[in-house]
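Below, chain A is the first sequence line, B the second, and so on; all start at residue 1.
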Amino acid sequence: MKKAFAFLGEHRLFTFFAAMAVLVVTVAVLSPLIVPYDPYDAVTREALQPPGAEHWFGTDKLGRDLFSRVICASRTSLFSAFLLVTCVTVIGSALGIIAGYFGGAADSVIMRVSDMMISFPGLVLAIAIAGILGPSLTNAIIAVTAVSWTKYARLSRSLVLKIKSKDYVAAGKLSGSKTKRMLFRYMLPTSLPTLLITATMDIGKMMLELAALCFLGFGAQPPTPEWGLMMNEGRLYLQTAPWLLIFPGAAMFVVVVIFNMLGDSLRDIMDPRHRRAGRRRKEVKHA
Amino acid sequence: MKHFKICALICSLVFIVTAFAACGNSGDGDSSAADGSKVLVIGSGQSAGTMDPVQAYDGWYAIRYGIGQTLTKMNDDMSISGWLVEDDYSANEDNTVWTFTVKDGVTFSNGTPLTAELVKASLENVYTNGERGPEYFTPASIEAEGQTLTVTLDEPEPILPNKLADPLFTIIDTTVDNSDIAESGPIGTGPFVMESFDSTTKECVVVKNENYWGGDVALDKIDFIYTEDQSNITMALQSGEFNAVYNMSMTDIGTFEEDDNYTIVSNASGRTTIGFMNFNGALGDIALRQAILRNLNKEEYCESLLNGQYIPGVTLLTSAADYGYDELTDPNSYDPEAAAKLLDDAGYKDTDGDGYRETPEGDQIDLRFVYYTGRPEQQIVVEATQTDMKKIGIKVTPEVHDTQTVMDMQQTGDYDLLCMSINMMNCGDPENQINTYFCEGGSYNATGYDSAEFNRLMKEVHVTADPEQRKDLVKQAEQVLLEDAVAIYYCYPIMNFVMQNGVENVYSNPADFYWVDENTDINEL
């Protein structure tokens with residue numbers, strides 16, 4: 001316990017953003033309990049009310065409470081982003097490790113497919129895939145996964161290639177370790193920290209990509225509360241009811257910043273090079 | 001480290017704000033090109049699929065863009081008068097032989113004089129190359145002699161002059177090669193000639209018809225730009241990219257009403273925003289249709305969601321025309337409790353606990369509601385319907401497409417619910433549109449609705465000459481539609497054109513297809 005506190009004390013930036021991230025996730029989990037109104041409940045008489053005491057963020061075009069929708073949207077946006085990052089990390093890393101460890105045909109096939117995927121602009125390809133699959137949040141997640149796994153595959157492949165030539169790997173092989181053990185005992189654990197840092201740093205980016213697809217109408221469908229979709233709906237009221245655009249946008253901005261900074265500070269802690277650089281700076285300061 | 005990051009964050013925010021500030025542009029309208037020619041840019045959420053007037057509703061654009069004209073014309077009071085023909089048209093006693101005199105001195109834009117023979121060829125073209133002609137009338141023979149045109153019919157056609165005012169019957173020169181008419185447009189008699197039509201962007205540019213028979217044309221060029229995005233339309237008018245805009249949304253029109261730099265012309269139209277219900281599917285059950293109708297608070301939609309710019313719908317025909325808006329009784333007026341009870345009684349129950357009811361047979365219901373955004377009210381009424389239907393446990397899934405796709409889907413019946421704005425009074429008389437959309441065999445009636453009583457009434461309308469009697473029959477037919485819970489009549493739009501000051505003679509009228517003429521002009525203020 002003491003150690004944990006000491007760790008948190010030492011890494012204040014990380015502690016702060018981790019606490020914020022926990023807060024955001026808690027709000028998302030508990031959103032149905034904490035919102036003042038049902039986010040789907042349309043009171044047509046109260047359409048497009050400006051922010052006020054009764055409706056903190058105002059109401060939307062159908063008279064739904066915007067605050068409740070923004071809070072509930074955190075659930076949709078956050079969890080779909082988590083799911084997306086998980087999918088991308090698992091699929092990408094697995095393929096990368098396989099390609100790197102086995103080499104040969106497996107490597108060629110996986111890497112050429114990956115090359116093919118990155119030869120298109122990511123979001124454009126995602127739009128094409130989502131367009132073919134039909135508009136829904138699940139399909140948007142599939143589309144972004146399809147274009148984003150390559151990064152993890154390349155990363156994990158290069159990490160695996162680096163450690164594959166190490167003596168302890170050769171020793172492991174010589175002592176008769178099976179492939180499964182080699183992959184899960186050596187390859188995965190060694191590449192995991194870097195992959196996790198990348199994944200954390202990607203949460204914000206993935207959230208934005210999903211929101212972009214939803215904004216364009218390829219993701220969540222009305223009346224689902226989702227920030228990208230809400231911003232698209234609000235776009236038509238930019239001049240008459242700007243709060244429809246401002247609040248979902250601000251919510252997305254805050255959450256993305258929190259997760260980006262969290263990823264950043266996590267990298268500072270886990271990446272030895274950054275750690276050393278940080279320490280050096282500290283030493284200079286103390287001197 | 002921390003300070004560095006905060007500094008970086010602040011710097012980037014400042015950068016973004018500055019960058020966006022630099023994007024501001026208050027461009028002026030392109031009212032005159034560098035060579036001093038007068039150019040008008042009109043933005044609209046509506047566009048043609050092709051420029052061939054006999055295809056679908058594409059004839060509307062030949063008229064809207066000032067390229068073509070019809071034999072007769074609908075006036076603002078919905079009466080009819082001659083346009084390419086003199087006002088002295090007449091029929092025999094039983095309305096089976098109509099005689100028209102084609103005006104002298106009318107020429108096509110290529111200089112060819114218009115004769116009765118060319119009118120005949122143009123009318124015949126509607127039947128040879130188009131599909132919708134027989135919904136209006138079927139000529140037994142058309143005869144031409146000099147400037148006299150005689151149309152003979154097998155059955156009485158008491159409102160033939162009204163029907164000929166429909167853009168389907170746009171008079172075009174058929175002596176030229178029309179094999180590429182869809183792209184290159186027709187040769188018409190209007191004040192403008194088509195210069196280009198982009199079938200992808202739907203942008204259409206027309207230029208002055210130097211041979212216009214009606215006198216000098218004030219403008220040199222009009223550029224019709226199509227975008228279904230309502231915020232684009234608004235902002236393009238504000239930035240000066242568009243000089244005039246058709247059908248400004250109810251959300252933004254207030255902004256322009258308060259601004260002295262813009263002029264608005266508006267009028268109650270012959271339009272009705274209709275939610276078509278496809279009987280081939282779950283909506284084949286009248287109980288479900290009645291429940292849907294009773295669960296829609298159209299008055300509140302119009303007042304609160306559509307800013308009072310629309311009149312709540314009751315009957316198929318608009319309140320602006322005298323066709324029973326105040327007289328007919330709607331058996332399915334707003335009553336959400338009755339709606340839920342109807343569903344309960346008919347056996348629609350939520351058996352799997354997902355919050356939505358299943359059919360009495362236990363099948364899931366998910367009604368696809370197809371709409372387009374080219375008309376500003378549609379997204380609102382569709383989403384309001386979805387929300388209200390959820391309250392009684394009926395699942396509705398909106399599905400947005402562009403206008404042309406929705407029109408195609410309406411023809412093929414690829415929908416459960418479909419929102420469409422229809423000018424029911426486009427000939428100053430509702431007969432044709434009712435036939436097209438509701439009668440058995442109508443080219444846009446894929447709903448499967450086929451009522452013997454309704455068809456009989458409309459057949460009687462077809463041959464009845466007395467205006468009062470026609471009106472009475474149409475009202476009876478409307479009542480049948482109400483009793484059969486055939487469609488949702490959401491609202492009647494008030495149409496508008498918003499333009500910069502200095503733009504003159506751009507029109508908004510009940511016909512909705514006379515936008516520009518030779519007097520349309522733009523002047524620097």
Contact origin within B:T251 toward chain A - heavy atom pairs under 4.5 Å:
both

Does any heavy atom of chain A fall under 4.5 Å from the side chain of B:E383, the backbone, both, or neither of them?
both

If I measure from the heavy atoms of chain A, does B:E399 come under 4.5 Å with its side chain, its backbone, both, or neither?
neither

Charged N to carboxylate O under 4.0 angstrom, A:R64 versus A:D41?
no

Contacting moiety of A:E46, where chain B heavy atoms sit under 4.5 Å:
neither

Out of B:E300, B:Q379, B:E303, B:K390, which one racks up the most heavy-atom pairs below 4.5 Å with chain A?
B:E300

Distance to the ring centre below 6.0 angstrom and angle to the axis at most 45 degrees; does that hold for B:K298 and B:Y489?
no

Contact winner vs chain B - A:A241, A:P223, A:A47, heavy-atom pairs under 4.5 Å:
A:P223

Side-chain donor or acceptor of B:N278 paired with backbone N/O of B:Y415 under 3.5 Å
yes

Please state whether the rings of A:F247 and A:F57 are parallel, tilted or perpendicular, taking 30° and 60° as the class boundaries.
parallel

Passes side chain to side chain donor-acceptor pair (under 3.5 Å), B:Q238 versus A:Q239? Steps please.
CA-CA 11 Å; B:Q238 284 170 331; A:Q239 303 189 21; 2.5 Å; yes

